[in-house]
Every structure is written in structure tokens, then in C-alpha cells.
Number of protein chains: 2
Amino acid sequence: MIDRIDCSILKLLARNARLSLKELAAGISLSAPSTTERLRRLEERGTIRAYTIDVEPKQLGYAIQALVRVRPLPGRVQIVQKLIESTPEIVECDKVTGDDCFVARLFVRSMEHLDEVLESLAAEAATSSSIVKRQVIARRQPPMAPI
Amino acid sequence: MIDRIDCSILKLLARNARLSLKELAAGISLSAPSTTERLRRLEERGTIRAYTIDVEPKQLGYAIQALVRVRPLPGRVQIVQKLIESTPEIVECDKVTGDDCFVARLFVRSMEHLDEVLESLAAEAATSSSIVKRQVIARRQPPMAPI
DNA sequence: GCGTTTGGCCTAAGATAATTAGGTTTCTTG
DNA sequence: CAAGAAACCTAATTATCTTAGGCCAAACGC
């Protein structure tokens, strides 16, 4: 499904998604039109879901990052999910196996702000929060190999 | 530190980091050269940490995504951190407050593969794994407002 | 086994976009 | 209030991207 060349494209774009077509083409030793066509197919097949940026949260005023495990009260799963979705401070949330139904990552300006967000969930769910002390591994790509 | 225009730039690029300079300039109603200069400063100040892509893990052969809480055995924190860093299946890891010293996200091809990765940690740490059943919120940006 | 089709690549030209240079306006500051 | 700096602009040059058309090799049908 994904050959060696597609793999190189993904690696190059993961490192810098704003690479010009020319640079990208040079990186994979193909012509510009062929590279365009490869890119188009990667997008079409959904391999590349999005081109995006990684923003420094502190520069946006978010001093604190936390991981929160959320256990909805019986019968409140749907409500809690809606609540989570509509909480803009939550930047990522997974529904997982186990007692902790949801695991969310959130960005807040202060401890007070964290408390505020958690309070908004308190009526519908039990939460356990962990403050991020350090990012040991910033979001990276898993090993990419031709399939 | 970040004005209304920078904010718009960040929002536009978060949605599509490959927007051409011309499109970006049109989006914020500035000329192309001014837009270039704004971008340059956002990069220089570290507000934009990286331009990257969001890849569909399934298309790379990763059928399963898991969140793992890792509690190193006494005195083994450093060793475990090294181990985590050198595990390519781990795509993200945070050092957090609380008993669970690390929280990692990993991509694996199968349950056997998951077991394999966890086994490699077993000698140095206790782990609790949760399989991701559904991404309720895919990585998004927190609210952006001028600061 | 051979002609045909398809997929993927190429080059080259025309169209589009990015950069550079130089000037204008506006805000800040001595 | 004048000087300087910061941020913007336009226009011309330079570079890049897209389009069109053709080549080649592997897969396919007869």
C-alpha cells in the first residue's frame, strides 16, 4: 500500500510540512509533477490526514498541561462525552478500555483555571488529574516502513 | 506578545500548514511580504515549533493505539526514561505528577506487538495499559486569543 | 507470445507565486 | 516636535508550480 518513496515523503513532511514541492521532489529524487501526483494520492487515500503546525502552548498563555482520567457516573457517559467535546481547553481525548472511560489532555493558564475545568465535569464524573512535569517525548511519528 | 493577526495566522496554518503564502496573506488581509515577515517572527520566537503532518496510523500498519501508565521500580526512573525514549512505538510520553511517573502513547500492529513492547519495560517498571477504543477529540489547538 | 492498456515517470513551456528592493505611513521616543 | 523605528505597501525580478504531451515498463487479454 505504501512504498519506499511514499514513506520518504511522509518522513520529510513530518519534519517540515511547508517544504516546497521542489525541495520535496529533490528529497525523493523525482520530478515535481510526479511528486505532486504522489502527494495527491496520499491525501486522497487518507494517509495524510492533515498538514498542521505545532504551537508552543506557553506562548498562547497556557502554562500548565495536564492529563485527566475521567470516569463518568453510571449512565452519564454520553453527557460527559458531550461535555468534553465542548470544553475547548481539552485538546485531545481518547475513549479507552478499563475503568477510566476517557483520558483527556488539557491546556490551562493556571491551577485555578485547571480547577475550573475539572469542576465543570465534577457533577457527572470522577476525575484523576496528573500535571505534566516534562515532555519526555514530544509527538513524533511511529516507525514508517513500506507496507 | 501575540496580536490578532498572528492569531489568525496560527489558526489558518493549524487547519492547513501548506497554505501558500498568497492564500495565507489573503486570509489575514495583508500583503505577501508582510505575511512572510510575520511568519518569520513567529518561527523565530518559537511560537511555531514545527510544521508537520497528521498521518493515519492504520495506513502505516498500526491497528492499535494504547495509553500506558508507567511506574518505574525504585531507583529505575532514569533507566526507564532511556528505555522509553528508545522505543520507537512510543510516539509521545509525558513525565507527570503522581504515582504514574510516565504516561506514554503507543502505536502497535497487534496485541502480540503490544505485549512485546510492554515486556521490554517489565523488568524495570510496572505498567497499566488502556487500549484506545475511539478518539473522541483528535489533537486540536486550544483557544487562541491575542495576549 | 504479442499487441494493448495502464500506471508512473519524464521534459518543457506557460501560468502562478515568492522574494527583493525601495518607498510610505504610523507610532514611539528623546 | 522632530527623528527613528516598526510595520506595512507596491512593483519588478526571480523562482516555483502546473499543465500538456510523450516515453517506457509492467500487467492483461486474446
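Throughout, a chain's letter reflects where its sequence line sits, starting with A, and its residues are numbered from 1. Keep in mind that what you see is a predicted model, and the values were worked out from it rather than measured.
Note: the hydrophobic cluster containing Leu10(A) also contains Phe107(B) (ILVMFWY, side chain heavy atoms under 4.5 Å, direct or indirect links). Hydrophobic clustering places Val55(B) together with Leu13(A) (ILVMFWY residues linked when any side-chain heavy atoms are closer than 4.5 Å, directly or through intermediates). With hydrophobic clusters built from ILVMFWY side chains whose heavy atoms lie under 4.5 angstrom apart, Val70(A) does not share a cluster with Val96(A).
Applying a 4.0 Å cut-off to non-hydrogen atoms, none of the residues of residues 6-17 of chain B approaches DNA chain C. Within residues 22-40 of chain B, the residues that place at least one heavy atom under 4.0 Å from DNA chain C are, in residue-number order, Lys22(B), Ala32(B), Pro33(B), Thr36(B).
At dA7(D), one or more side-chain N or O atoms of Arg41(B) fall inside 4.0 Å of OP1 or OP2 (strictly under the cut-off).
Annotation: Arg15(A), atom CZ; neighbour count of heavy atoms from other residues, nucleotides and ligands within 6.0 Å does not exceed 12.
With sequence neighbours excluded, the residues satisfying side chain to side chain contact (heavy atoms under 4.5 Å, CB included) with Pro146(A) are Arg4(A), Cys7(A).
Geometrically, Arg109(A) engages Tyr62(A) in a cation-pi contact, judged by NZ or CZ lying under 6.0 Å from the ring centre and within 45° of the ring axis.
The distance between atom CG of Asp3(B) and atom P of dT26(C), rounded to the nearest whole Å, is 18 Å.
Using a 4.0 Å cut-off between a side-chain N of Lys or Arg and a carboxylate O of Asp or Glu, Glu85(B) and Lys82(B) do not qualify as a salt bridge.
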Identify all side-chain donor-acceptor contacts of residues 117-136 of chain B below 3.5 Å with residues at least two apart in sequence or on another chain.
| from | atom 1 | to | atom 2 | distance (Å) |
| --- | --- | --- | --- | --- |
| Ser120(B) | OG | Val117(B) | O | 2.6 |
| Glu124(B) | OE1 | Arg76(B) | NH1 | 2.9 |
| Ser128(B) | OG | Arg71(B) | NH2 | 3.1 |

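Taken to the nearest 0.5 Å, the CG atom of Leu39(A) stands 6.5 Å off from the CG atom of Leu21(A).
Counting only residues at least two apart or on different chains, the salt bridge (Lys or Arg N to Asp or Glu O under 4.0 Å) pairs with a member in residues 136-147 of chain B are Glu92(A)-Arg139(B), Glu92(B)-Arg139(B).
Across its full length, the helix from dG1(C)-dC30(D) to dG30(C)-dC1(D) shows an angle of 30° between the axes of its 5 terminal pairs at either end, rounded to 10 degrees.
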